[in-house]
Amino acid sequence: MREVAFIKQNKDKWLEVESILNERQHISPDQMADNYIQLLGDLSFAQTYYPKSNTTIYLNFLVTQIYQKIYKTKRIDKNRLKFFFTDQVPMLLYKYRKLIYFSFILFFFFACIGALSAHYQPRYVRDVMGDTYVNRTLENIEKGDPMAVYKSGSNWGSFIGITFNNIRVAFVSFLYGISAGVMTFYIALQNAVILGAFQYFCYQEGALGASLRALWLHGAMEIFSIIIAIAAGFILAGGILFPKTYSRILSFKIAFREGLYILLATVPFFIAAGFIEGFITRYYYDMPLWLNILIIFGTLSVITYYFLIYPVVKHYKSK
């Protein structure tokens, strides 16, 4: 069957599903399940005969959305939080996995630019981090405790202040997606070049080992989560710039909701990172190296599995 005929034959059914998804039409859970089964059949047909077509992309989106709608209509009040983290978010992470990969590549590319800038422009580190912070770090290096900055303030004060600031930055990164991604792009650039420049500065001053041990104790989760928040901002931007078969307003609404869900999934990790920075990082200097490495790679493994590996596993298990 030609693709045009396939679309014409099933267009009314697909539009009906869109109405259900946008809550303009209410049907019973059984009818919704029937629609889901029919859509799966249409998607399977499209994947076979039109694998690279926009029709296939569109149907895949509808199948994902109505699957979520079915689960929302079930009595899952007691397990709503569990469902959110184990089903809903992983499905969205898989859907937007390419944007997430892009965000990681972009961030670390900018970090490399920051390091190179610090190498070729000695003044660059002071320009991006400020003279006060740089001078304080140099004083700490001379005293033999390069990352003593993490020992300032109380445990609880540091934990609460750092956590709220990181969550604020994450939400701003997401909401800035409304600028068609320009400001989200800028936040990625700003944070990444500072990271790269600071790490190179520590290398120049012979304090790279100390900076890696201290910064990445909490940074494994914190920086990873910031990158996910940046990806959420790009999702929002994509909903505005590339509405596909939807109206621009509807595409924006969908992107906002799905980007927000992904962003909310980072909150527990920001809290964990803030706790580590407030209560553990300050003791990095007295900590055995093996424990330091265990915390860094342990936290990195957990967050990597949840945001990058588990969504793929979940996707193939649901097939």
Side-chain angles (χ1 to χ4, degrees), residues 80-82 84-86 88-90 93 100 103-104 107-108 111 129 133 136-137 140 145-175 187-188 190-192 194-195 198-199 202 207 209-233 260-311:
R80 188 171 297 278
L81 196 60
K82 179 184 176 183
F84 177 78
F85 283 103
T86 61
Q88 199 166 13
V89 171
L93 290 170
I100 292 172
S103 299
F104 273 94
F107 189 90
F108 287 107
M129 303 194 70
Y133 188 87
R136 187 178 178 185
T137 302
N140 290 331
D145 191 0
M147 300 293 110
V149 64
Y150 291 114
K151 297 180 180 180
S152 60
S154 66
N155 297 80
W156 280 103
S158 298
F159 164 50
I160 294 171
I162 289 164
T163 300
F164 274 96
N165 180 67
N166 287 337
I167 293 174
R168 179 190 63 81
V169 171
F171 271 84
V172 169
S173 301
F174 166 63
L175 293 174
I187 288 179
Q190 185 181 45
N191 284 273
I194 289 175
L195 175 65
F198 179 70
Q199 291 285 251
C202 291
S211 74
L212 292 174
R213 288 184 63 184
L215 174 63
W216 291 95
L217 269 174
H218 57 272
M221 279 191 172
E222 181 183 296
I223 294 169
F224 199 115
S225 297
I226 287 291
I227 296 173
I228 296 297
I230 288 168
L260 180 61
Y261 286 170
I262 290 174
L263 177 65
L264 290 174
T266 66
V267 172
F269 295 98
F270 277 123
I271 294 172
F275 179 85
I276 292 172
E277 187 167 356
F279 288 89
I280 299 176
T281 301
R282 63 181 60 233
Y283 303 115
Y284 84 96
Y285 202 68
D286 304 315
M287 186 183 298
L289 180 60
W290 67 265
L291 180 58
N292 193 282
I293 293 174
L294 180 64
I295 294 173
I296 292 172
F297 283 98
T299 54
L300 182 61
S301 297
V302 169
I303 197 168
T304 299
Y305 179 78
Y306 181 75
F307 282 103
L308 300 183
I309 300 173
Y310 179 66

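Since the model is a prediction, treat every value here as computed from it, not as a measurement.
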Where is the tightest heavy-atom contact between [X] and [Y], given as atom of each residue plus distance?
X: L300; Y: T304; answer: O-OG1, 2.6 Å
X: I226; Y: A170; answer: CD1-N, 4.4 Å
X: L263; Y: A229; answer: CD1-CB, 3.7 Å
X: S211; Y: F198; answer: CB-CE2, 4.5 Å
X: C202; Y: M147; answer: SG-CE, 4.0 Å
X: M287; Y: L217; answer: CE-CD1, 4.3 Å

Not counting sequence neighbours, which residues clear side chain to side chain contact (heavy atoms under 4.5 Å, CB included) with Y305? List them please.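 Testing Y305 for side chain to side chain contact (heavy atoms under 4.5 Å, CB included), a comparison that skips the adjacent residues, returns I309, Y310.
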For [X], all residues meeting ring-ring contact (aromatic ring centres under 6.0 Å, His included), sequence neighbours excluded:
X: F297; answer: none
X: F174; answer: F256
X: Y284; answer: none

Straight-line distance of [X] [atom1] to [Y] [atom2], nearest 0.5 Å:
X: L294; Y: L289; atom1: CG; atom2: CG; result: 11.0 Å
X: I194; Y: Y133; atom1: CD1; atom2: OH; result: 10.0 Å
X: I228; Y: F104; atom1: CD1; atom2: CZ; result: 4.5 Å
X: M221; Y: T266; atom1: CE; atom2: OG1; result: 11.5 Å
X: I230; Y: I187; atom1: CD1; atom2: CD1; result: 7.0 Å

Is any side-chain heavy atom of L195 closer than 4.5 Å to a side-chain heavy atom of L215?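 Yes, side chains in contact.
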Side-chain contact, heavy-atom cut-off 4.5 Å: V302 with Y306?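 A side-chain contact is absent here, since even the closest heavy-atom pair is not under 4.5 Å.
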Go through the steps to decide whether V149 and R136 satisfy the test side-chain contact (heavy atoms from CB on, under 4.5 Å), and finish with yes or no. CA-CA 8 Å; V149 64; R136 187 178 178 185; 4.1 Å; yes
Test T299 against F224 for side-chain contact (heavy atoms from CB on, under 4.5 Å), laying out the working first. CA-CA 10 Å; T299 54; F224 199 115; over 6 Å; no
Going by the angle between their ring planes, with limits at 30° and 60°, are Y261 and F84 parallel, tilted or perpendicular?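 Plane angle over 60°, so perpendicular.
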Side-chain donor-acceptor pairs of residues 271-281 under 3.5 Å, sequence neighbours excluded:
{"from": "T281", "atom 1": "OG1", "to": "H218", "atom 2": "ND1", "distance (Å)": "3.0"}
{"from": "T281", "atom 1": "OG1", "to": "I276", "atom 2": "O", "distance (Å)": "3.3"}

Should F171 and L260 be marked as a side-chain contact (heavy atoms from CB on, under 4.5 Å) after you check the CA-CA gap, both sets of side-chain angles, and the distance that decides it? CA-CA 9 Å; F171 271 84; L260 180 61; 4.0 Å; yes
Taking it one step at a time, do I223 and F107 satisfy side-chain contact (heavy atoms from CB on, under 4.5 Å)? CA-CA 10 Å; I223 294 169; F107 189 90; 3.7 Å; yes
For residues 151-173, pull every pair meeting side-chain hydrogen bond (donor to acceptor under 3.5 Å, both in side chains), keeping only residues two or more places apart or in separate chains.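 Sorted result for residues 151-173: D145-K151, S158-R282, N165-R168, N166-E222.
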